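These numbers were taken from a predicted model, which means no experiment stands behind them.
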Amino acid sequence: MGLLTIIRKNKAKSKEMRILFLGLDNAGKTTILKTLSGQSIQGVSPTLGFEIKTLIRDGYTLNIWDVGGQKTLRPYWRNYFESTDAVVWVVDSSDHLRLRDCGAELRGLLNEDRLAGATLLVFANKQDLSGSLSLEQIRDALELNRIQSHKWNIQSCSAVTSEGLEQGMKWVVNEVAGRLYWSGLKSDSSTSNQQNQHDIQNGVTVST
């Protein structure tokens with residue numbers, strides 16, 4: 001019995017996914033998670049260390065690790081890499097000055113052996129703010145089109161208005177389910193093609 005088969009069988013029993021929320025400080029990771037879970041986003045403070053939140057989506061239990069993004073905490077990110085199924089990388093679309101730093105940190109993550117093969121979702125957050133970079137500008141600045149080691153997706157969103165959040169998480173669940181479980185969330189090819197066209201028109205870019 002192959003290792004992948006064993007992993008699939010073990011995960012199929014629990015139908016759980018481990019998802020890591022990362023990004024620079026003030027990107028909006030915690031606010032996104034609070035919005036997704038229906039909590040108030042008033043008075044959100046920076047995460048020091050980590051917090052764990054559990055969400056149920058499409059019959060799967062998502063164990064989400066929200067890890068602080070301050071520069072002094074980033075060397076400790078690797079402590080949370082083990083058994084990660086997906087990484088959600090949150091970008092502050094209004095933070096023009098740190099976009100290069102953001103890209104460098106992301107590329108460093110993708111070189112980590114323990115994250116090999118993990119699904120990658122980039123949330124281009126704060127699209128509701130005036131002067132925010134477009135989805136295409138962020139995609140190009142992060143050099144996402146050069147990524148070949150991970151299946152990736154970039155989704156425009158706003159943690160404040162909730163726009164784009166559920167769409168992004170649905171993509172993550174669908175991708176991880178199809179990769180790790182015997183049966184993921186499937187659709188026929190005609191539906192998939194229609195969805196791809198819809199996504200392109202609604203602020204989503206998906207790797208091939």
Side-chain angles (χ1 to χ4, degrees), residues 16-58 60-71 73-74 77 80-81 84-96 98-99 101-103 105-106 109 115 118-135 137-139 141-142 144 150-177 199 202-206:
E16 294 185 355
M17 300 178 185
R18 177 184 167 96
I19 301 176
L20 202 55
F21 261 61
L22 295 173
L24 304 188
D25 50 299
N26 200 42
K29 300 180 294 296
T30 303
T31 306
I32 286 176
L33 283 173
K34 284 185 176 293
T35 299
L36 284 169
S37 59
Q39 293 180 287
S40 171
I41 60 174
Q42 299 299 318
V44 176
S45 57
T47 300
L48 300 176
F50 69 93
E51 294 182 5
I52 302 175
K53 186 170 292 294
T54 300
L55 300 178
I56 306 296
R57 290 294 186 277
D58 295 315
Y60 294 91
T61 300
L62 314 184
N63 297 313
I64 300 176
W65 295 64
D66 173 20
V67 185
Q70 294 87 341
K71 193 168 185 177
L73 297 178
R74 294 174 206 167
W77 282 352
Y80 306 96
F81 291 167
T84 294
D85 297 316
V87 174
V88 176
W89 183 256
V90 183
V91 180
D92 180 348
S93 301
S94 69
D95 191 352
H96 300 215
R98 293 198 299 169
L99 197 56
D101 186 22
C102 183
E105 293 286 0
L106 176 59
L109 281 181
L115 294 179
T119 296
L120 171 66
L121 170 68
V122 176
F123 263 143
N125 190 29
K126 304 188 183 182
Q127 288 290 309
D128 54 304
L129 298 182
S130 176
S132 293
L133 295 170
S134 70
L135 199 72
Q137 288 174 310
I138 295 172
R139 180 196 61 200
L142 299 183
L144 297 182
H150 299 69
K151 183 69 176 290
W152 62 269
N153 176 11
I154 180 169
Q155 169 73 54
S156 61
C157 72
S158 167
V160 174
T161 68
S162 79
E163 183 177 358
L165 298 184
E166 289 294 347
Q167 293 94 318
M169 294 307 297
K170 187 174 185 63
W171 181 85
V172 169
V173 172
N174 184 70
E175 168 60 23
V176 174
D199 287 345
N202 288 276
V204 182
T205 302
V206 183

Q: Mind running side-chain contact (heavy atoms from CB on, under 4.5 Å) on Asp128 and Glu163 for me, showing each step along the way?
A: CA-CA 9 Å; Asp128 54 304; Glu163 183 177 358; over 6 Å; no
Q.
Minimum heavy-atom separation for Leu109 and Phe81, please, with both atom names.
A. CD2-CZ, 3.3 Å
(Q) Counting C-beta onward and ignoring hydrogens, is there a side-chain heavy-atom pair between Asp95 and Asn26 closer than 4.5 Å? (A) no
(Q) Give me the atom names and distance for the closest heavy-atom approach of Tyr60 to Ala177. (A) OH-CB, 3.5 Å
Q.
Once rounded to the nearest 0.5 Å, what's the spacing between atom CZ of Arg18 and atom OG1 of Thr61?
A. 14.5 Å
Q. Can you list the steps and then say if Leu62 with Met169 is a side-chain contact (heavy atoms from CB on, under 4.5 Å)?
A. CA-CA 10 Å; Leu62 314 184; Met169 294 307 297; 4.0 Å; yes
Q: Check each of Ser93, Ser134, Ser156 against Gln127 using the side chain to side chain donor-acceptor pair (under 3.5 Å) test, and report the only one that passes.
A: Ser93
Q | Taking every non-hydrogen atom, the tightest pair across Gly28 and Asn125 | A | CA-ND2, 3.7 Å
Q | Between CG on residue Leu120 and CG on residue Leu115, distance to nearest 0.5 Å | A | 10.0 Å
Q) Among Arg74, Lys71, Arg98, which residue meets the side chain to side chain donor-acceptor pair (under 3.5 Å) test with Glu105? A) Arg74
Q: Calculate, to the nearest 0.5 Å, the distance between atoms CG and CD belonging to Asp85 and Glu175 respectively.
A: 11.0 Å
Q. Within the side chain of Trp77, is there an N or O that forms a donor-acceptor pair under 3.5 Å with the backbone of Gly68?
A. yes
Q) To the nearest 0.5 Å, how far apart are CG in Asp66 and CZ in Phe50? A) 10.5 Å
Q: Among residues two or more places apart or on two chains, list those pairs meeting salt bridge (Lys or Arg N to Asp or Glu O under 4.0 Å) that have a residue in residues 30-40.
A: none
Q: Specify the closest pair of heavy atoms between Ser37 and Leu55, including all atoms of both residues, with the distance to one decimal.
A: CB-CD2, 3.7 Å
Q: Please determine, by modelled atom types, if Ser40 and Gln42 share a side-chain donor-acceptor pair under 3.5 angstrom.
A: no
(Q) I need the Ile32 CD1 to Ser158 OG distance, nearest 0.5 Å. (A) 8.5 Å
Q: Taking all heavy atoms of Thr31 and all of Ala159, pick out the closest pair and write down the distance.
A: CG2-CB, 3.6 Å
Q.
Using the side chain to side chain contact (heavy atoms under 4.5 Å, CB included) criterion, which residues pair with Leu129? Sequence neighbours excluded.
A. Ser94, Lys126, Ser132
Q) Between Asn63 and Glu16, is there a donor-acceptor pair closer than 3.5 Å when you use the side chain of the first and the backbone of the second? A) no
**Q.** Under 3.5 Å donor-acceptor, Lys29 side chain and Gly23 backbone
**A.** yes
Q.
Quick check: closest heavy atoms across Leu99 and Leu142, and the distance to 0.1 Å?
A. O-CD2, 4.2 Å
Q | Summary of salt bridge (Lys or Arg N to Asp or Glu O under 4.0 Å) pairs that have at least one residue in residues 48-57, sequence neighbours excluded | A | Arg57-Glu166
Q: Go through the steps for Leu73 and Val67 under the test side-chain contact (heavy atoms from CB on, under 4.5 Å), then give the verdict.
A: CA-CA 9 Å; Leu73 297 178; Val67 185; over 6 Å; no
Q: Check for a donor-acceptor pair, side chain of Trp65 on one end and backbone N or O of Tyr80 on the other, with a separation under 3.5 Å.
A: no
Q: Could you check whether the rings of Phe21 and Phe123 sit parallel, tilted or perpendicular, using 30° and 60° as the cut-offs?
A: tilted
Q: Output the distance between atom CG (Leu106) and atom CG (Leu144), rounded to the nearest 0.5 Å.
A: 6.5 Å
Q.
If you define the side chain from C-beta out and look only at heavy atoms, does anything of Asn174 sit under 4.5 Å from Asp58?
A. no
